[in-house]
Amino acid sequence: MNTTTDQNKNRIVPIIMMIALFGMISFVTNLAAPMGQVLKEQFGVSNFMGLLGNAANFIAYAVMGIPGGILLQRVGYKKTALIAIAIGFVGVFVQFLSGHSPESAAFGVYLLGAFIAGFSMCLLNTVVNPMLNTLGGGGNKGNQLIQVGGSFNSIMATFTPMFVGILIGEATKANIKDVFPVMYIAMGVFAVVFFVMMAVKIPEPHATNTKEPMGKLMSGALKFRHFVLGAIAIFVYVGVEVGTPGIMIYWLSDNPEVGKTIAGFVAGTYWFLMLVGRLLGASLGSKISSKTMLSTLSAVGLILILSAILSPTTNLISLPVLQTSATGALSFGMAQVPINALFIVLVGLCTSIMWGSIFNLAVEGLGKFTPAASGIFMTLVCGGGILPAIQGGVADAAGYIASYWVIVIALAYLLFYGLVGSKNVTKGVSVTDDEVPVDTASQSVPVEE
């Protein structure tokens, strides 16, 4: 009994560190999108060019996902986290240097920094998700802890673009230097967490359990159907999370009755609802299985998006938004927007818990293959750059609302995965260093009493 209590106490600091890193993932990743506006104004580039920093973050996932799993298997969770934090510091520092670079080179230097920072975010995700799952004890408790981390992630997602907006809001022509305070915060947090992590003991649940080659471990992970389908699900999910509010901003911005300012705050409501959903997920995660969460909210999301597609855009509804007065003062007020926007915004409640649920379902029963699986899993996060691009192409060809059929197809797949694809049917594959095969299909998600 005392041993268990001591173990729980020893896990408190690692849990806090993992949750802090979860927040940094969001802080740095969400810095890229509002920076696009800065790049557009400073360098006079197109929307596509302005979003290259955001794209660089996701491309880094595709490049670093599998190497990240190899690194995790070879050096363990703690060393991988320390390497990721150091790379994150360097990435933000390079972005900082772009503000002091010649105008002809500044754009390229910034993109390089965003790309390096993307490497860090990928590595941190590779560590944080399995670590929180393990520290929570796996199953529903592990899912609950991931939801707590996701909640802090959402807080940072809400804070970052707002802070950037405040910094550049009064500038006649935004410049990278205007955003230096955000970069100072990021570098400061990375530095503090790095030194704290060095002094903290981090458990190594799977990374040090096996000496098998990573190639063999990756092949082993790919033998599990529920993991392969789960990796595809994460590709689809991140695309849904990014594309759903992203295309809405463009649509509302082009609407003369709404405008860019209100469009941005309406989209911000989506991210706020993701925070609300994650807080609810954290409180209910130990009582509701990941399978039930994902299946139910995928179905609700489908209904909401179909409602957005089929509802007339002439039907208006009032939404509370943060508005800017003629004097530049910020205040809350009601704004008239098409009811379609309301349905789209509400999808934030649905996407809020999907990451933790998909990850939990995908790695359940993988044992020693978990680090390798996590690397593959992280590679597919690049869907956050690819799926929205596809949706944007459909919007160019058929209109903004019609583009949400892409989201319908994506949510339908997530519903399939929750109901059918997440079931572990693989048999005869050993998930320990023992050579005796075990029936992993019989290892169901433990239910907390």
Could you pull out the closest heavy-atom pair between [X] and [Y], with the gap in Å?
| X | Y | value |
| --- | --- | --- |
| Val128 | Met18 | CG1-O, 3.8 Å |
| Leu349 | Gly277 | CD2-N, 4.0 Å |
| Leu387 | Val236 | CD2-O, 3.6 Å |
| Ile401 | Ala308 | CG2-O, 3.9 Å |
| Gly348 | Met274 | O-CG, 3.2 Å |
| Leu97 | Val109 | C-CG1, 4.3 Å |

Nearest-0.5 Å distance that lies between atom [atom1] in [X] and atom [atom2] in [Y]:
| X | Y | atom1 | atom2 | value |
| --- | --- | --- | --- | --- |
| Leu229 | Leu361 | CG | CG | 11.5 Å |
| Trp405 | Ile305 | CH2 | CD1 | 11.0 Å |
| Ile116 | Leu111 | CD1 | CG | 11.0 Å |
| Phe416 | Ser422 | CZ | OG | 9.0 Å |
| Thr269 | Leu275 | OG1 | CG | 12.0 Å |
| Phe58 | Cys122 | CZ | SG | 11.5 Å |

Next on the checklist: A quick test of your reading: do over 12 heavy atoms of other residues, nucleotides or ligands sit less than 6.0 Å from CZ of Phe195?
Outcome noted: no
Checklist entry - Should we count NZ of Lys291 as having more than 12 external heavy atoms under 6.0 Å? => result yes
Next on the checklist: One pair to check against side chain to side chain contact (heavy atoms under 4.5 Å, CB included): Leu415 and Leu411. What are the steps and the verdict?
Outcome noted: CA-CA 6 Å; Leu415 178 60; Leu411 288 171; over 6 Å; no
Checklist entry - After noting the C-alpha distance and the side-chain angles of Leu21 and Val127, does the key distance pass the side chain to side chain contact (heavy atoms under 4.5 Å, CB included) rule? => result CA-CA 10 Å; Leu21 291 178; Val127 171; 5.8 Å; no
Checklist entry - Mind checking whether Phe180 and His100 have parallel, tilted or perpendicular rings, split at 30° and 60°? => result tilted
Next on the checklist: Which label fits Tyr413 and Tyr417: parallel for a plane angle under 30°, tilted from 30 to 60°, or perpendicular past 60°?
Outcome noted: parallel
Next on the checklist: Is it true that Ser101 and Tyr110 share a donor-acceptor pair across their side chains at a distance under 3.5 Å?
Outcome noted: no
Under the side-chain contact (heavy atoms from CB on, under 4.5 Å) test, which residues partner [X], sequence neighbours left out?
| X | answer |
| --- | --- |
| Thr379 | Ile66 |
| Leu304 | Val300, Phe343, Leu346, Val347, Cys350 |
| Val228 | Leu222 |

Evaluate the side-chain proximity of [Y] to [X]: yes if any heavy-atom separation is below 4.5 Å, no if none is.
| X | Y | answer |
| --- | --- | --- |
| Ile85 | Phe89 | no |
| Gln42 | Glu103 | yes |
| Leu280 | Ser352 | no |
| Trp355 | Val381 | yes |
| Leu297 | Leu414 | no |
| Ile19 | Ile15 | yes |
| Val337 | Leu342 | no |

Item to check | Any pair counted as side chain to side chain donor-acceptor pair (under 3.5 Å), so long as it reaches residues 386-403, sequence neighbours left out | outcome: Asp254-Tyr400, Gln391-Ser403
Checklist entry - Can you list every pair that meets side chain to side chain donor-acceptor pair (under 3.5 Å) and has a residue in residues 57-71, with sequence neighbours left out? => result Tyr61-Asn125
Check for a donor-acceptor pair, side chain of [X] on one end and backbone N or O of [Y] on the other, with a separation under 3.5 Å.
| X | Y | value |
| --- | --- | --- |
| Ser120 | Ala84 | yes |
| Ser98 | Gln95 | yes |
| Tyr270 | Ile344 | no |
| Tyr404 | Thr244 | yes |
| Ser298 | Ser295 | no |

Next on the checklist: Please evaluate residues Met183 and Phe93 with respect to the criterion side chain to side chain contact (heavy atoms under 4.5 Å, CB included), reporting the C-alpha separation (whole Å), side-chain torsions for both, the decisive distance (0.1 Å), and the verdict.
Outcome noted: CA-CA 8 Å; Met183 296 180 183; Phe93 183 67; over 6 Å; no
Checklist entry - Taking the six-membered ring for Trp, is the centroid-to-centroid distance between Phe190 and Phe194 below 6.0 Å? => result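 Aromatic pair excluded; centres sit 6.0 Å or further apart.
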Checklist entry - How far apart are the C-alpha atoms of Thr351 and Tyr237, what are their side-chain angles, what is the distance that settles it, and do they pass the side chain to side chain contact (heavy atoms under 4.5 Å, CB included) test? => result CA-CA 8 Å; Thr351 56; Tyr237 159 70; 3.9 Å; yes
Checklist entry - Which residue pairs pass the salt bridge (Lys or Arg N to Asp or Glu O under 4.0 Å) test with at least one member in residues 349-358, sequence neighbours excluded? => result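 Sorted result for residues 349-358: empty, none.
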